[in-house]
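The next block holds one structure in the form of structure tokens; read it before the comments.
Quick note: residue numbers are just sequence positions, from 1.
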Amino acid sequence: MALTGRAALLAALGSLPVGIWEPSWTGILAVNGPLALACACDYALAAPVRRLGLTRSGDTSARLGDPADVTLTITNPSRRPLRARVRDAWPPSSWQPGSELAASRHRVVVPPGERRRITTRLRPTRRGDRHADRVTIRSYGPLGLLARQGTHKVPWTVRVLPPFTSRKHLPSKLARLRELDGRTSVLTRGEGTEFDSLREYVPGDDTRSIDWRATARQTTVAVRTWRPERDRHILLVLDTGRTSAGRVGDIPRLDASMDAALLLAALASRAGDRVDLLAYDRRLRTLVQGRTAGDLLPSLVNAMATLEPELVETDARGLTAAALRTAPRRSLIVLLTALDAAPIEEGLLPVLAQLTQRHTVLLASVADPHIADMARARGTTDAVYEAAAAAHSHEERHHTADHLRRLGVTVVDATPDELAPKLADAYLALKTAGRL
């Protein structure tokens, strides 16, 4: 069988078995003179690695689930061509499982005095900052018998932002908001407590909205339109304590709460309200306040990107004090926390009056859809026991929610897929009722 490449060279010299790719120095010294000379020449002709110039460019942020392309520019200042294999190392969570080998390794040829670019495509699987690790370069000679190898530190950071999957609900919620504003042609008048304008009567309008004085001055029936109050303050409070670390479905509770907070923030800013964010467990984790409508969402997703649950019990008194400092005047305080009986009864309830006597309080909690599946299970002894446990858990949450409602708190308890739209609906209902 005909041999090619390095295997043919080694076979022709008759010193090493066919199939050896990169002989060690010990192996080289043991062979005959011609092969040793060939290896030495090959090594000498390999471009030096230490003198290479490396710089980065490309994406500095990406939403979770989207790719991020980072370009590495390699400059070869030597007089020898660079024939190299490059490994651009990043943390394991920068790739989909099993794809790191193909995505992080590259082949490149850089002529003397020139530069080439290689692009590494990241597909992060977790939120937060991903920092580039070492770049390892293996430079081969023209025969490929030996190689020079070295590493370089080329810093780069890609911030992985929350995916904001609930943004698909934003158009429908904005349509409902415009309806409340009285800006669309609907058969019900725009709700709210602030007078907006007069328009011509449309069949189906509430007759109580007819302005008889304006009607007397013109030839058509005029009705008043109303709009919800504007420039109200919304404070989103993320509980980053122990209960937020529990996984519901495929994501932590904290991530589902973030998604709901982003939809509410986008909706409230379009409604003309001011939105701030506070994240707390036993200390302040992040605070975003005073942002304009155009800068709000970028600031929120950037602040949320690095938030991680802390395995500590949330200090409810400290959280309440931080919320009162951030919202000194009447506001809508949205608590995104767990509805578990013990943390609520032992932590939140003793200090809840400090919030409700001054503010409107809305509590949103992520429910586990697996509990509902367990409650429907039948057919085996284990399934019956699981259904009984699920029913007990559901009853406990229902009791806790009722207790909070009696104290004046609006409660939204929904699965991760339903939490964001239901929280937005609760906000719109409060605006409709003029409770903000």
Side-chain angles (χ1 to χ4, degrees), residues 64 93 126-129 159-162 233-248 251-262 264-265 275-291 299-328 331-368 396-397 400-401 403-404 407 409-413 416 419 423:
L64 182 64
S93 58
R126 291 178 56 188
R127 286 183 297 101
D129 290 339
R159 174 157 290 188
V160 186
L161 307 173
H233 183 218
I234 315 296
L235 176 60
L236 305 172
V237 181
L238 281 173
D239 179 358
T240 56
R242 172 186 60 82
T243 55
S244 69
R247 297 189 71 84
V248 179
I251 60 174
R253 277 191 169 91
L254 180 59
D255 286 44
S257 297
M258 287 180 181
D259 194 53
L262 288 173
L264 179 56
V275 182
D276 294 336
L277 171 72
L278 171 71
Y280 195 96
D281 42 71
R282 300 195 75 83
R283 64 180 178 86
L284 182 66
R285 297 294 173 178
T286 192
L287 177 64
V288 178
Q289 60 181 153
R291 298 295 193 272
S299 299
L300 291 182
V301 296
N302 192 58
M304 291 177 179
T306 56
L307 282 179
E308 294 293 343
E310 299 291 329
L311 299 182
V312 295
E313 200 69 42
T314 298
D315 178 10
R317 293 185 181 276
L319 184 149
T320 301
L324 292 174
R325 287 194 301 269
T326 309
S331 308
L332 170 63
I333 295 183
V334 182
L335 294 174
L336 293 123
T337 185
L339 197 58
D340 299 342
I344 293 292
E345 293 174 1
E346 298 174 11
L348 183 61
L349 287 182
V351 297
L352 185 60
Q354 300 178 36
L355 295 176
T356 55
Q357 68 183 1
R358 189 186 306 178
H359 304 288
T360 301
V361 180
L362 193 163
L363 186 145
S365 179
V366 184
D368 190 346
E396 194 174 56
R397 291 176 70 88
T400 303
H403 192 176
L404 290 170
L407 296 175
V409 178
T410 302
V411 178
V412 176
D413 185 24
L419 181 65
L423 179 59

### Task
Enter the distance from Leu319:CG to Leu278:CG here, rounded to the nearest 0.5 Å.
6.0 Å
### Query
Would a 4.5 Å heavy-atom cut-off, applied to side chains only, mark Asn302 and Leu300 as touching?
no
### Task
Grab the two heavy atoms, one from Leu419 and one from Ser257, that are nearest each other, plus how far apart they are.
CD2-CA, 4.5 Å
### Query
By salt bridge (charged side-chain N to carboxylate O under 4.0 Å, His left out), which residues pair with Arg285, not counting sequence neighbours?
Asp281, Glu310
### Task
Can you see which heavy atom on Asp276 is nearest to which on Gly290, and at what distance?
OD1-N, 3.2 Å
### Message
Could you work out, with salt bridge (charged side-chain N to carboxylate O under 4.0 Å, His left out) as the rule, every residue matching Asp259, not counting sequence neighbours?
### Response
none
### Query
How far apart are the closest heavy atoms of Thr314 and Tyr280, and which atoms are they?
CG2-O, 4.4 Å
### Query
Does some side-chain heavy atom of Leu404 sit less than 4.5 Å from a side-chain heavy atom of Leu352?
yes
### Stepwise side chain to side chain contact (heavy atoms under 4.5 Å, CB included) check, Leu363 with Val334
CA-CA 6 Å; Leu363 186 145; Val334 182; over 6 Å; no
### Task
Identify the heavy atoms of Ser299 and Val288 that sit nearest to each other, and give their distance.
CB-CG1, 4.0 Å
### Task
Over all heavy atoms of both residues, which pair between Ala245 and Pro252 is shortest? Give the atoms and the distance, please.
O-CB, 4.3 Å
### Query
Do the non-hydrogen side-chain atoms of Leu254 and Arg127 ever get within less than 4.5 Å of each other?
yes
### Task
Only counting residues at least two apart or in another chain, list the ones meeting salt bridge (charged side-chain N to carboxylate O under 4.0 Å, His left out) with Asp129.
Arg159
### Summary
Residues passing the side-chain contact (heavy atoms from CB on, under 4.5 Å) test with Val160, sequence neighbours excluded, are Leu64, Pro124, Arg130
### Task
Give every residue pair that meets the salt bridge (charged side-chain N to carboxylate O under 4.0 Å, His left out) criterion with at least one member in residues 233-242, sequence neighbours excluded.
Arg242-Glu313
## Note on the structure
Residue set satisfying side-chain hydrogen bond (donor to acceptor under 3.5 Å, both in side chains) with Thr356, at least two apart, ordered chain then number -> none
### Query
Is there side-chain contact between Pro309 and Thr240, with at least one heavy-atom pair below 4.5 Å?
no
### Query
In chain order, what residues pass the side-chain hydrogen bond (donor to acceptor under 3.5 Å, both in side chains) check against Arg253, with sequence neighbours excluded?
none
### Task
With rounding to the nearest 0.5 Å, note down the distance linking CG in Leu235 to NE2 in His359.
8.0 Å
### Task
State which residue, out of Leu161, Thr286, Leu238, fulfils the side chain to side chain contact (heavy atoms under 4.5 Å, CB included) condition with Met304.
Leu238
### Task
State the OG-CG distance between Ser331 and Leu324, to the nearest 0.5 angstrom.
9.5 Å
### Task
Take Val361 and Leu335 through the side chain to side chain contact (heavy atoms under 4.5 Å, CB included) test and state the conclusion after the steps.
CA-CA 7 Å; Val361 180; Leu335 294 174; 4.2 Å; yes
### Query
What pairs with Thr320 under side-chain hydrogen bond (donor to acceptor under 3.5 Å, both in side chains), at least two apart in sequence or on another chain?
none
### Query
For the residue pair Ala316 and Val351, what are the closest heavy atoms and their distance?
O-CG2, 4.0 Å
### Message
Tell me which pairs pass salt bridge (charged side-chain N to carboxylate O under 4.0 Å, His left out) where either residue lies in residues 338-350, with sequence neighbours left out.
### Response
Asp340-Arg397
### Task
Using side-chain hydrogen bond (donor to acceptor under 3.5 Å, both in side chains) as the criterion, list what pairs up with Gln289, not counting sequence neighbours.
none
### Query
Is Asp255 close to Pro162 at the side-chain level, that is, under 4.5 Å between some pair of heavy atoms?
no
### Over 12 foreign heavy atoms within 6.0 Å of CZ, Arg126
no
### Task
With sequence neighbours excluded, tell me which residues meet side-chain contact (heavy atoms from CB on, under 4.5 Å) with Thr360.
Arg330, Leu332, Leu430, Arg435
### Task
First locate atom CG of Leu339, then atom CD of Glu396, and finally report the distance between them rounded to the nearest 0.5 Å.
9.5 Å
### Task
For Ala321, enumerate each residue passing the side-chain contact (heavy atoms from CB on, under 4.5 Å) test, keeping only those at least two apart in sequence or located in another chain.
Arg325
### Query
Atom CG in Leu336, atom OG in Ser244: separation rounded to 0.5 Å?
11.0 Å
### Query
So do Leu362 and Val409 actually touch side chain to side chain, heavy atoms under 4.5 Å?
no
### Query
Roughly how far, to the nearest 0.5 Å, is NE2 of His233 from CD1 of Ile333?
8.5 Å
### Task
List the steps and the verdict of side chain to side chain contact (heavy atoms under 4.5 Å, CB included) for Leu349 and Leu407.
CA-CA 9 Å; Leu349 287 182; Leu407 296 175; 3.7 Å; yes
### Task
May I ask you to check whether over 12 heavy atoms, not counting those of Arg282, lie within 6.0 Å of atom CZ?
yes
### Task
For Leu287 and Leu277, run side chain to side chain contact (heavy atoms under 4.5 Å, CB included): C-alpha distance rounded to whole Å, both residues' side-chain angles, the deciding distance at 0.1 Å, then the answer.
CA-CA 6 Å; Leu287 177 64; Leu277 171 72; over 6 Å; no
